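Working notes, structure below.
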Amino acid sequence: MAQFAARVVAPAPHVGGRRTRRGANGKNQATRRNGAHTAALAQAPHTQTKHTNGNAATSTPSSREALMKLQAQAGTNRYAQEPKSSIIGIGLTIHNAPVELREKLAVPEQEWPRAIEEMCKYPHIDEAAILSTCNRLEIYSVALSFNRGVREIEEWLSSSSGVPLEELRPYLFLLKDKDATRHLLQVSSGLDSLVMGEGQILAQVKQVFKVGQECNGFGRQLSGLFKQAITCGKRVRSETNIASGAVSVSSAAAELAQLKLPTQDWETARVAIIGAGKMSRLLVKHLASKGCSEVTVVNRSAARVEELQNDFPDVTIQMKLMPDLMEVVGESDVVFAASGSESILIHKNDVEGMVTPPEVVGGVRRFVDISVPRNIDPAISELGNGKVFNVDDLKEVVEANKKQRAAAAAAAETLIFEEQDAFDAWRDSLETVPTIKRLRAKAEDIRQAELEKTLSKLGDNLTKKERRAVEDLSRGIVNKLLHGPMQALRSDATDASSIGETLENMYALERMFDLKEDFVFPGRK
C-alpha cells in the first residue's frame, strides 16, 4: 500500500456557501445532500428561448432581473452545491508499517467504545469505527468536513499512541468516500490480508459491527457500511475459490516455525503456546495437522485451556498458568506468543540464563510472536541460542499463496464492485429521509390547524364519536394526498439506477412544499 502522500484523495472543490445546523449535541452539522447524482442535470445544456417580440425589449429592469434570476435557478441545482458528509478511511497496515509502530497504535477491543466516544467529541467527526488487529489499525469515520475530519483523526491517533504526527504520517494511508468503502470491502474479503483469503479478518470485521451496536458514535452510515462489508466478505468466500486451502496468520506462523527447524519435524521439538484465545486455538489446529501431538499452553486462567483440551482430544495439551511461564519457556524449543497482553512477557535477560536447547533443534530456542503489541523481546535474537520471529516475518511464507490466488482475487474484485454499488445506492437513498419527515410534519401541522378551526366552528355539541370521525376524515385525506409524493421519495436501495430519479423527485417536492431545513412549522417552537 502506498504511503500517506500517495493515497490522499483530494476533496472536491467547494462551491457556494456551507449551510450548517446545530444538533442537540451542540455540533455544527453540515447539510447532507448528494449532488453527485444530479451532476448530469446540472451539466446538461440549458436551452433558453429568446424573446423576439416587442414586449421583451420594453420589460422593466425588475422584470428582466427576475427573469435572469429564474433562468439561473433553472440551470443550477442548489442542492448540487451543498457538501455531503465524507466517509474517511485512515490507518496503517502490515503492508506499509513495521510492527514496532503498529503495536503503539493498537487498540484492544475493550477500548473500542472509549476510542469511538473520544473521536466523536471532535467537532467534525459524526461517526467513527475502529478495526484493530495484529496486521492493521484502521479508522473509519463520517466527517462533516473532509480536511478538518482528517486533521482531527490524525490528532487523536497521535495523542492516543504517543507517536508524534510527523513520525506517523509517512506510514498512514488516507482514503475518501468510494475509495474508503472499497478498501473496507477488500479487507473484509481477505484481499488486503497478509495471507490472501484468510477468514479471520471477516470475523474481526463482524466484531467491529457487534461492538459498534453499543456505541452512540457508530451511526447509521457506518453501520450500513460494515453490514455491506460483511455481506461482501461472505459472497467472496462462497462464490470464488479465494478461500480454497487458504491459510491464516496462525497457520503461516506454524509453517514458518516448522521451516526453521533443522529436521522440519514437530516430533523432535518441544512446543509451548502463550495464550488460549482464537489465535492459539488456530495454532493448535494447524500444529496438529502438521504432526505436532503435544503442546504446553500457558494462560492466565484454566477455563480456556480446558476448552482446548476438550476440543482437541488427539493432541496432548498440558496446562500451565502464567506464574509458570519462565519454567515452561526453559523447557521448550519453540514458543508461540498469541496472548492479549499489551506488554513484553519474555525479556532478553529472562532467556539469557536458560539451558541451551538440544542439537536436534539446532541449539536455538525459537520464538514466534504473532501478538500485537508484541509479547517477546526482539533483543533475544542477539543471543547465540535464541531467535525471535514476528508477524512481519510471515511474508516469505505467504508470497506463494498470493500468486496461487491471483485468479480468485480478480473474480473477487467483480463482486466487490457490485457490493460497493449496492452500498452507494443505499447511502444515497438516505438523502430522502429528512425530506419525508419534513413533508409529513408540515402536512400534520396543517391538518391539526385546520382541524382545530373546523371543530371550533362546529361548537361544543359534538359527541366524542363525531369528533373522532372528523379527525379520522382529516387524517385520511392527508394520508391519501401524501401517498403519491411518499412513493416518489421511496426507492429500492439495491437498485442504483433508481436513485437519481428519486433524488430528482425529492428536489422537486422540496421546492413545491418549501421544505427547507430551516423551515419552522406553524405552531412549533
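Both backbone and side-chain heavy atoms feed into the values below; hydrogens, waters and symmetry mates do not. No experiment lies behind these values; they were computed from the predicted model shown.
Here Arg182 pairs with Glu413 in a salt bridge; the nearest charged N to carboxylate O distance falls below 4.0 Å. Looking at Asp311 and Arg281, a side-chain N of the basic residue comes within less than 4.0 Å of a carboxylate O on the acidic one, giving a salt bridge. Residues Arg114 and Glu111 are paired through a salt bridge, judged by an N-O separation under 4.0 Å between the basic side chain and the carboxylate. Between Arg235 and Glu418 there is a salt bridge, with a side-chain nitrogen of the basic residue lying less than 4.0 Å from a carboxylate oxygen of the acidic one. Taking the charged nitrogens against the carboxylate oxygens, Glu294 and Arg270 have no contact shorter than 4.0 Å, which rules out a salt bridge.
Nearest heavy-atom pair, Glu419 versus Cys232, reported as atom, atom and distance to 0.1 Å: CG-CB, 3.7 Å. Of all heavy-atom pairs between Glu103 and Val372, the closest is CA-CG1, 3.7 Å. Pairing each heavy atom of Ile125 with each of Met119, the nearest pair is CB-O, 3.3 Å. The shortest heavy-atom contact between Ala276 and Val297 is CB-CG1, 4.2 Å. Of all heavy-atom pairs between Val205 and Ala229, the closest is CG1-CB, 4.3 Å. Contact record, Arg366 with Pro262: NH2-CD, 3.9 Å, taken as the closest heavy-atom pair.
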Side chains of residues 382-390: which donor-acceptor partners sit under 3.5 Å, not counting sequence neighbours?
residue	atom	partner	partner atom	Å
Glu382	OE1	Lys348	NZ	2.8
Asn385	ND2	Thr356	OG1	3.2
Asn390	OD1	Asp392	N	2.8

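Here the side chain of Ser289 pairs a donor or acceptor atom with the backbone of His286 at under 3.5 angstrom. With hydrogens and angles ignored, the 3.5 Å screen pairs no side-chain donor or acceptor of Ser339 with any backbone N or O of Ile274. Remark: side-chain polar atoms of Asn96 are paired, donor with acceptor, to backbone N or O of Tyr171 under 3.5 angstrom. No side-chain donor-acceptor contact under 3.5 Å links Trp156 to the backbone of Glu118. Panel note: side chain Thr181, backbone Lys178; a donor-acceptor pair is recorded below 3.5 Å. Here the side chain of Ser189 pairs no donor or acceptor atom with the backbone of Leu191 at under 3.5 angstrom. Under a 3.5 Å cut-off, the side chain of Asn299 and the backbone N or O of Val305 do not form any donor-acceptor pair. A donor-acceptor pair under 3.5 Å is formed between the side chain of Thr133 and the backbone N or O of Asn135. In this structure, the side chain of Arg169 does not engage the main chain of Leu165 through any donor-acceptor pair within 3.5 Å.
Remark: Gln318 CD to Gln309 CD distance equals 9.5 Å, nearest 0.5 Å. The distance from atom CD of Gln264 to atom OG1 of Thr268, rounded to the nearest 0.5 Å, is 10.0 Å. Rounding to the nearest 0.5 Å places CZ of Arg151 at 7.0 Å from OG of Ser145. Between the CD1 atom in Ile376 and the OG atom in Ser371 there is a gap of 7.5 Å [rounded to 0.5 Å]. Rounded to the nearest 0.5 Å, atoms CE (Met326) and CG (Asp350) are 3.5 Å apart. Rounding to the nearest 0.5 Å places CG of Asn349 at 8.0 Å from CG of Asp377.
Counting heavy atoms from C-beta outward, Ile88 and Leu174 have side chains that approach closer than 4.5 Å. The shortest side-chain heavy-atom distance between Val364 and Asp333 does not fall under the 4.5 Å cut-off. Two residues are said to be in side-chain contact when any heavy atoms from C-beta on lie closer than 4.5 Å; Arg365 and Val351 meet this criterion. Taking the side chain as every heavy atom from C-beta outward, Lys320 and Leu325 never approach each other to under 4.5 Å. The closest side-chain heavy-atom distance from Ile90 to Leu175 is not below 4.5 Å. Within the 4.5 Å cutoff, side-chain heavy atoms of Lys210 are placed close to those of Gln207. Contact check for Asn216 versus Glu117: no side-chain heavy atoms found under the 4.5 Å cut-off. The closest side-chain heavy-atom distance from Leu394 to Glu255 is not below 4.5 Å.
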Report the C-alpha distance between Ile130 and Leu137 in whole Å, list the side-chain angles of each, state the deciding distance to 0.1 Å, and finish with yes or no for side-chain contact (heavy atoms from CB on, under 4.5 Å).
CA-CA 7 Å; Ile130 294 180; Leu137 181 282; 3.9 Å; yes
For Leu157 and Leu172, what are the C-alpha separation, side-chain angles and deciding distance, and is it a side-chain contact (heavy atoms from CB on, under 4.5 Å)?
CA-CA 10 Å; Leu157 285 170; Leu172 291 175; 4.3 Å; yes
CA sep, side-chain torsions, deciding dist, call: Leu92, Arg136, side-chain contact (heavy atoms from CB on, under 4.5 Å)
CA-CA 6 Å; Leu92 40 75; Arg136 66 186 68 246; over 6 Å; no
Kindly indicate, with the supporting measurements, whether the criterion side-chain contact (heavy atoms from CB on, under 4.5 Å) is fulfilled by Leu185 and Ser188.
CA-CA 5 Å; Leu185 298 181; Ser188 183; 5.8 Å; no
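Each of Glu198, Met279, Lys278 was evaluated against Ser250; a single residue qualifies, Met279, per the side chain to side chain contact (heavy atoms under 4.5 Å, CB included) test.
Ring geometry for Phe336 versus Trp266: interplanar angle of 30 to 60°, hence tilted.
Shown here is Asp324, whose CG atom has more than 12 heavy atoms of other residues, nucleotides or ligands within 6.0 Å. In this structure, Arg304 places its CZ atom where only 12 or fewer heavy-atom neighbours from other residues, nucleotides or ligands lie under 6.0 Å away. More than 12 heavy atoms of other residues, nucleotides or ligands sit less than 6.0 Å from atom NZ of Lys290.
A donor and an acceptor atom, one from each side chain of Glu352 and His347, are nowhere located under 3.5 Å apart. Counted by atom type alone, Glu267 and Ser293 present one or more donor-acceptor pairs between their side chains at under 3.5 Å. No side-chain N or O of Gln221 forms a donor-acceptor pair with one of Glu127 less than 3.5 Å apart.
Two rings, from Phe173 and His95, have their centers 6.0 Å or more apart.
Geometric assessment of Lys176 against the ring of Phe146 yields a positive cation-pi assignment under the 6.0 Å and 45° thresholds.
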